[in-house]
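Naming convention: chains lettered A, B, ... in sequence-line order (proteins, then strands); numbering from 1 in each chain. Side-chain atoms are counted along with the backbone in the values below, which use heavy atoms only and exclude waters and symmetry mates.
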Protein chains: 2
Amino acid sequence: MTTPAPTDQAPASQGDWLRLDQQICFSLHAASRAFNGVYRVVLKDLGITYPQYLVMLALWEHGDLPVKKLGEHLRLDSGTLSPLLKRLEAAGLVRRERSARDERSVEVRLTEQGVALRERAVQVPRRITASTGFDIEEIRELRTRLDQLTSMLDAAALTETPGCE
Amino acid sequence: MTTPAPTDQAPASQGDWLRLDQQICFSLHAASRAFNGVYRVVLKDLGITYPQYLVMLALWEHGDLPVKKLGEHLRLDSGTLSPLLKRLEAAGLVRRERSARDERSVEVRLTEQGVALRERAVQVPRRITASTGFDIEEIRELRTRLDQLTSMLDAAALTETPGCE
DNA sequence: CACAATTAAATTGCGCACAACTAAATGGCG
DNA sequence: CGCCATTTAGTTGTGCGCAATTTAATTGTG
């Protein structure tokens, strides 16, 4: 009775909506995990995880950064970064040092090993890109779409926050 | 063409590659988390998480399912599903029953409460869709792209498995 | 100067994802 | 029939993501 049974090109019953929705949210969820899986394989050589790789990319690009700035680049908070950075430190790739100027702040610095790892990481993008089967242009387009989606969703999360309606 | 460097303008140094890579993988990572964040807000009313919502969608659409089938629909293994289903059971939304026919299998069944929750869930897709700011067609296109990406990555993960290169 | 508000990290707690392993039931094959 | 490989769930351990809280340093204000 409440069961869907779409009448031809019917005006989307409630059941249809739930099915459509599953496809949308599920697709992104699955894609993200699939991507993660390929990175896991490729990064195994380097001995780091995918989120750790993102941190290293940020450091290679911008140089030493305080945890705060790192979090802004990656959209991650200290709850996620603190333990992750400890693991990178244990692996000998970074050091964490309290800033002398502002004792609240912790500077994340690449060690020599961390800098050296970059040489072995340069092969990663090509392997990943090859895995997608997409060409540069397709990837660029998808990225643009996703960034657009992210900024929309971030904005929506603010207005949707409980108590703000 | 081992190196698909766009020689026409930017020579794409190794640094450029890493920067590009950061943008690509980061975009997907960020989009996935942003999506998750909006779902977290919207699903708070229903008292379930995003992955739990995916399980409920599968059950609403296909009816009772063994854990195995559920995992195939969602691409999740028992390591993820077992504790998740326990929480759904504790919330009174599903029951888990050993199949009489095959004692290895566990049937996941919707409770009355689980069925009833569907009525309150039908509003979710519209709220999510509104949050994206995309129209139906844009979403469909993005979904297609993501599904394509996922199947490519899944295939690649198999051939990239350690020991296969 | 004293004191409240703000800021930066870290910590705690919960849930998800996944690899690796265990336990139990089933099916096949000699 | 008896034994072994396979199948299905569950368990364990590690790491990520995030909300909420805590601690310490800094800033702002009277």
Side-chain angles (χ1 to χ4, degrees), chain A residues 25-26 29-41 43-44 47-55 65-72 74-91 96-108 154 157 161-163, chain B residues 25-26 28-41 43-44 47-55 65-72 74-91 96-108 154 157 161-162:
Chain A
C25 62
F26 176 67
H29 200 62
S32 177
R33 285 186 294 131
F35 226 89
N36 209 310
V38 173
Y39 268 103
R40 185 176 303 116
V41 174
L43 291 176
K44 191 167 234 173
I48 57 177
T49 67
Y50 180 42
Q52 288 166 13
Y53 174 67
L54 293 177
V55 168
L65 289 171
V67 173
K68 170 77 174 177
K69 287 285 178 194
L70 203 49
E72 286 169 7
L74 303 175
R75 292 163 172 273
L76 291 171
D77 66 9
S78 66
T80 299
L81 285 176
S82 286
L84 189 157
L85 291 172
K86 274 189 189 174
R87 285 185 283 270
L88 282 181
E89 188 170 42
R96 294 178 305 146
E97 294 172 3
R98 283 277 162 192
S99 164
R101 226 204 274 283
D102 185 342
E103 294 264 333
R104 291 171 304 181
S105 179
V106 169
E107 284 282 327
V108 181
D154 278 354
T161 296
Chain B
C25 63
F26 175 67
L28 190 68
H29 198 63
S32 177
R33 285 185 294 131
F35 226 91
N36 209 310
V38 173
Y39 268 103
R40 184 177 304 117
V41 173
L43 291 176
K44 192 164 232 174
I48 57 178
T49 67
Y50 180 42
Q52 288 166 14
Y53 174 65
L54 293 178
V55 168
L65 289 171
V67 173
K68 170 78 174 177
K69 288 284 178 193
L70 203 48
E72 285 170 6
L74 303 176
R75 293 162 171 272
L76 291 171
D77 65 8
S78 68
T80 300
L81 285 176
S82 288
L84 190 157
L85 291 172
K86 274 190 189 174
R87 284 185 282 270
L88 281 181
E89 187 170 42
R96 294 178 306 146
E97 293 171 5
R98 283 277 161 195
S99 165
R101 229 205 287 276
D102 185 343
E103 293 265 334
R104 291 171 302 180
S105 179
V106 168
E107 284 282 327
V108 181
D154 279 353
T161 296

Visitor: Take the protein atom CZ of A:Arg101 and the nucleotide atom P of D:dT26, then report the distance between them rounded to whole Å.
Guide: 12 Å

Visitor: How many angstroms lie between CG in A:Leu74 and OG1 in A:Thr80, if you round to the nearest 0.5 Å?
Guide: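 Interatomic distance, A:Leu74 CG to A:Thr80 OG1, rounded to 0.5 Å: 10.5 Å.
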
Visitor: If I take atom NZ in residue A:Lys44 and atom C1' in nucleotide D:dG15, what distance separates them, rounded to the nearest angstrom?
Guide: 14 Å

Visitor: How close do B:Val106 and B:Arg96 get, heavy atom to heavy atom, and via which atoms?
Guide: CG1-CB, 3.8 Å

Visitor: With DNA chain C as reference, determine whether A:Lys69 or B:Glu103 sits nearer its 5' end, using the nearest nucleotide of each.
Guide: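 Counting from the 5' end, the first nearest nucleotide belongs to A:Lys69.
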
Visitor: Might you point out which heavy atoms bring A:Ala31 and B:Leu28 nearest each other, and give the distance in Å?
Guide: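 Scanning both residues, the minimum pair turns out to be O-CD2, 3.8 Å.
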
Visitor: What contact category does A:Leu84 fall into here, base, sugar-phosphate, or nothing, at under 4.0 angstrom with non-hydrogen atoms?
Guide: sugar-phosphate

Visitor: Can you name the closest pair of heavy atoms from B:Arg75 and A:Ala30 and give their distance?
Guide: CD-CB, 4.2 Å

Visitor: Want to settle it: does B:Arg96 or B:Gly37 sit nearer the 5' end of DNA chain D, counting the closest nucleotide to each?
Guide: B:Arg96

Visitor: Of the candidate nucleotides C:dA17, D:dG10, D:dG15, which contains the atom at the shortest distance from the side chain of B:Arg98?
Guide: D:dG10

Visitor: List every contact pair, protein side and nucleotides 11-13 of chain D side both N or O, where the distance is under 3.5 Å.
Guide:
from   : atom 1 : to      : atom 2 : distance (Å)
D:dT11 : OP2    : B:Lys86 : NZ     : 2.9

Visitor: Between the protein and nucleotides 6-8 of chain C, list the N/O to N/O atom pairs that are separated by less than 3.5 angstrom.
Guide:
from  : atom 1 : to       : atom 2 : distance (Å)
C:dT7 : O2     : A:Arg104 : NH1    : 3.2
C:dA8 : OP2    : A:Lys68  : NZ     : 3.0

Visitor: Counting only side-chain nitrogens and oxygens, does A:Arg40 get under 4.0 Å of the OP1 or OP2 atom of C:dA19?
Guide: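 True: A:Arg40 side-chain N/O within range (under 4.0 Å) of C:dA19 OP1/OP2.
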
Visitor: May I ask you to decide if the ring planes of A:Tyr39 and A:Tyr53 are parallel, tilted or perpendicular, using 30° and 60° as cut-offs?
Guide: tilted

Visitor: With respect to the phosphate group of D:dC18, does any side-chain polar atom (N or O) of A:Arg75 fall under 4.0 Å of OP1 or OP2?
Guide: no

Visitor: Shortest non-hydrogen contact from A:Tyr50 to A:Leu43?
Guide: CA-CD1, 3.6 Å

Visitor: What closest approach, in Å, do A:Arg98 and A:Arg104 show between heavy atoms, and which atom pair accounts for it?
Guide: NH1-O, 2.9 Å

Visitor: Between B:Arg40 and B:Thr49, is there a donor-acceptor pair closer than 3.5 Å when you use the side chain of the first and the backbone of the second?
Guide: no

Visitor: With respect to A:Val55, which candidate in A:Leu76, A:Leu85, A:Ile48 satisfies the side-chain contact (heavy atoms from CB on, under 4.5 Å) definition?
Guide: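 Among A:Leu76, A:Leu85, A:Ile48, the one meeting side-chain contact (heavy atoms from CB on, under 4.5 Å) with A:Val55 is A:Leu85.
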
Visitor: Reading DNA chain D from 5' onward, which residue's closest nucleotide shows up sooner: A:Leu76 or A:Ala100?
Guide: A:Leu76

Visitor: Ignoring hydrogens, what is the shortest heavy-atom contact between A:Pro66 and A:Glu107? Give both atom names and the distance.
Guide: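 Here A:Pro66 and A:Glu107 meet closest at CD-OE2, 3.7 Å.
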
Visitor: Can you tell me the distance, in whole Å, between the CD atom of A:Glu107 and the C1' atom of C:dA9?
Guide: 13 Å

Visitor: For A:Tyr50 and C:dC18, what is the distance between atoms OH and C1' respectively, to the nearest whole Å?
Guide: 16 Å

Visitor: In whole angstroms, how far is the C1' atom of C:dA17 from the CG atom of B:Leu85?
Guide: 14 Å

Visitor: Calculate the interatomic distance between B:Leu70 atom CG and D:dT7 atom P; express it in whole Å.
Guide: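 Distance, rounded to whole Å: 20 Å.
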
Visitor: So what does A:Leu81 touch, heavy atoms closer than 4.0 Å: a base, only the sugar-phosphate, or nothing?
Guide: nothing

Visitor: Rounded to whole angstrom units, what separation is found between the CG atom of A:Asp154 and the P atom of D:dC18?
Guide: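 Checked: the CG to P distance equals 10 Å.
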
Visitor: Roughly how many Å is it from CG in B:Asp77 to C1' in D:dT8, rounded to a whole number?
Guide: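 It works out to 12 Å between those atoms.
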
